[in-house]
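In each ligand, atom 1 is the first atom listed, and ligand 1 is the first ligand listed. Excluded from the calculations below are hydrogen atoms, water molecules and symmetry mates; all remaining heavy atoms, backbone and side chain alike, are included.
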Amino acid sequence: MSRVALVTGGSRGIGAAISVALKNVGYTVAANYAGNDEAAAKFSAETGIKTYKWSVAEYDACVEGIARVEADLGPVDVLVNNAGITRDAPFHKMTREQWKEVMDTNLSGLFNMTHPLWPGMRERKFGRVISISSINGQKGQFGQANYSAAKAGDIGFTKALAQEGARSGITVNVICPGYIATEMVMAVPEKVRESIISTIPVGRLGEPEDIARCVVFLASDEAGFITGSTLTANGGQYLT
Ligand code: NDP
């Protein structure tokens with residue numbers, strides 16, 4: 001029987017590439033999303049991957065959503081915490097709502113999704129928790145005090161939980177992508193995009209598939225000795 005993978009924010013952008021890559025190597029995949037029904041329906045029709053709508057920012061919704069996934073597909077073996085948002089503003093203009101929304105989704109979302117799945121993974125003595133942080137959680141970014149704080153928090157969460165999961169066959173890792181050519185990045189003016197690319201040693205933006213391949217590796221049995229690790233995938237833009 002194939003393993004079950006649940007990808008949050010799995011119907012668009014990097015998450016969609018992760019869902020497809022996992023499906024292509026044999027996982028049964030569930031893709032969660034927040035509200036964009038049209039994109040989710042299109043994704044599901046094109047890929048055959050089932051989509052599930054709830055917000056990772058709400059604990060009870062996660063419990064209920066995970067129960068739906070597990071009733072349909074069986075216990076979740078691989079959790080990919082990919083859902084994320086930005087609410088950028090220079091700090092002197094940042095509102096409490098902008099702070100809270102980003103923390104609720106990008107940091108508390110990891111607690112809300114991992115906590116309900118953790119007891120089952122411990123019982124079954126197998127689990128993979130893979131979270132998508134960001135280069136900006138490693139280096140900080142002007143206008144992103146909220147996002148950088150949340151994404152740095154994802155790394156701390158991973159390092160702590162890796163220690164707790166190790167004896168139960170659960171690995172916990174985090175990936176820090178650099179700039180990836182998703183709709184968001186491709187929407188910035190070409191001149192700005194060119195100036196970003198000029199700071200990336202490999203000379204190009206990342207593709208969603210570059211990150212998806214990292215996830216497939218970390219989810220595999222072959223990666224069983226890797227836990228608590230931060231995998232940087234940024235074309236050499238920031239070296240840790
Ligand atoms: P997109 O904006 O393209 O897609 C985000 C996905 O997350 C969507 O499926 C969206 O659902 C979902 N989502 C947002 N909020 C919630 C929520 N509260 N509950 C459930 N799902 C939610 O993002 P990207 O693909 O660009 O980014 C994916 C991850 O990678 C994020 O964590 C981001 O921070 C990180 N990242 C991205 C980089 C980039 O260059 N793009 C660089 C570094 C990190 P819906 O479709 O319903 O809106």
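At a threshold of 4.5 Å between side-chain heavy atoms, the hydrophobic network of Ile, Leu, Val, Met, Phe, Trp and Tyr places Val172 and Leu117 in one connected group.
Between Gly35 and ligand 1, an N or O atom pair is found at a separation short of 3.5 Å. Checked by distance only, ligand 1 and Ala34 come closer than 3.5 Å through their nitrogen or oxygen atoms. Between Gly10 and ligand 1, a contact under 3.5 Å exists for no N or O pair. In terms of N/O distances under 3.5 Å, ligand 1 is not approached by Val185. In terms of N/O distances under 3.5 Å, ligand 1 is approached by Asn36.
Put simply, the side chain of Ser44 never gets that close to the backbone of Ala40: no donor and acceptor are under 3.5 Å apart. A donor-acceptor distance shorter than 3.5 angstrom exists from the side chain of Ser195 to the backbone of Val192, with no hydrogens or angles considered. For the pair Asn136 (side chain) and Ser148 (backbone), a donor-acceptor distance under 3.5 Å is absent. Counting only distance, with no hydrogens or angles, the side chain of Ser168 and the backbone of Ile170 share no donor-acceptor pair below 3.5 Å. A donor-acceptor contact shorter than 3.5 Å links the side chain of Ser19 to the backbone of Gly10. Panel note: side chain Asn173, backbone Ser229; a donor-acceptor pair is recorded below 3.5 Å.
At the top of the distance list for atom 42 (C) of ligand 1, counting protein heavy atoms only, stands Gly178 O, 3.1 Å. Ranking protein heavy atoms by distance to atom 30 (O) of ligand 1, first place goes to Ile132 CG2, 3.4 Å. Among protein heavy atoms, atom 7 (O) of ligand 1 sits closest to Gly9 CA, 3.3 Å. Among all non-hydrogen protein atoms, the one lying nearest atom 48 (O) of ligand 1 is Arg12 NH2, 3.0 Å. The protein heavy-atom contact nearest to atom 15 (N) of ligand 1 is Ile85 CG2, 3.6 Å. Nearest protein neighbour of atom 18 (N) of ligand 1, counting heavy atoms only, is Ser55 OG, 3.1 Å. Ranking protein heavy atoms by distance to atom 41 (N) of ligand 1, first place goes to Thr182 OG1, 3.2 Å. Looking only at protein heavy atoms, the nearest one to atom 19 (N) of ligand 1 is Val56 N, 2.9 Å.
Looking at Ile14, Asn81, Asn82, it is Asn82 that brings a heavy atom closest to atom 29 (C) of ligand 1. Which of Tyr147, Tyr179, Tyr52 comes nearest to atom 33 (C) of ligand 1 through a heavy atom is settled by distance: it is Tyr147.
With ligand atoms numbered from 1 in the order given, ligand 1 contributes 20 (C), 21 (N) to contacts under 4.0 Å with heavy atoms of Asn32. Listed by number with element, the atoms of ligand 1 under 4.0 angstrom from any heavy atom of Gly13 are 3 (O), 25 (O). Listed by atom number, the atoms of ligand 1 under 4.0 Å from Trp54 heavy atoms are 19 (N), 20 (C).
For atom 23 (O) of ligand 1, the nearest protein heavy atom is 4.0 Å or more away.
Between Leu205 and Met186, the closest side-chain pair of non-hydrogen atoms falls below 4.5 Å. Counting heavy atoms from C-beta on, the side chains of Asp77 and Arg124 come closer than 4.5 Å.
Contacts of Ile211 with ligand 1, taken as heavy-atom pairs under 4.0 Å, are absent altogether. Within the 4.0 Å heavy-atom criterion, the part of Lys151 lying near ligand 1 is the side chain and not the backbone. Of all the heavy atoms of Ser133, the ones lying under 4.0 Å from any atom of ligand 1 belong exclusively to the backbone.
With Met113 as reference, Leu6 is the one residue of Val76, Asn32, Leu6 to meet the side chain to side chain contact (heavy atoms under 4.5 Å, CB included) rule. Just one of Ile132, Leu107, Asp154, Leu110 meets the side chain to side chain contact (heavy atoms under 4.5 Å, CB included) condition when paired with Asn81; it is Leu110. When each of Gln98, Glu101, Gln144 is checked for a side-chain hydrogen bond (donor to acceptor under 3.5 Å, both in side chains) with Arg87, only Glu101 meets the rule.
Using a 4.0 Å cutoff on heavy atoms, Gly206 does not count as a contact of ligand 1. Within the structure, ligand 1 has Ser11 among the residues with a heavy atom less than 4.0 angstrom away. Ligand 1 lies less than 4.0 angstrom from a heavy atom belonging to Thr105.
No more than 12 heavy atoms of other residues, nucleotides or ligands shown are found within 6.0 angstrom of NZ on Lys50.
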Take Arg213 and Glu209, measure what salt bridge (Lys or Arg N to Asp or Glu O under 4.0 Å) needs, and give me the verdict at the end.
-> CA-CA 6 Å; Arg213 282 189 285 273; Glu209 290 72 20; over 6 Å; no
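A salt bridge links Glu64 to Arg68: one of the charged nitrogens lies within less than 4.0 Å of a carboxylate oxygen.
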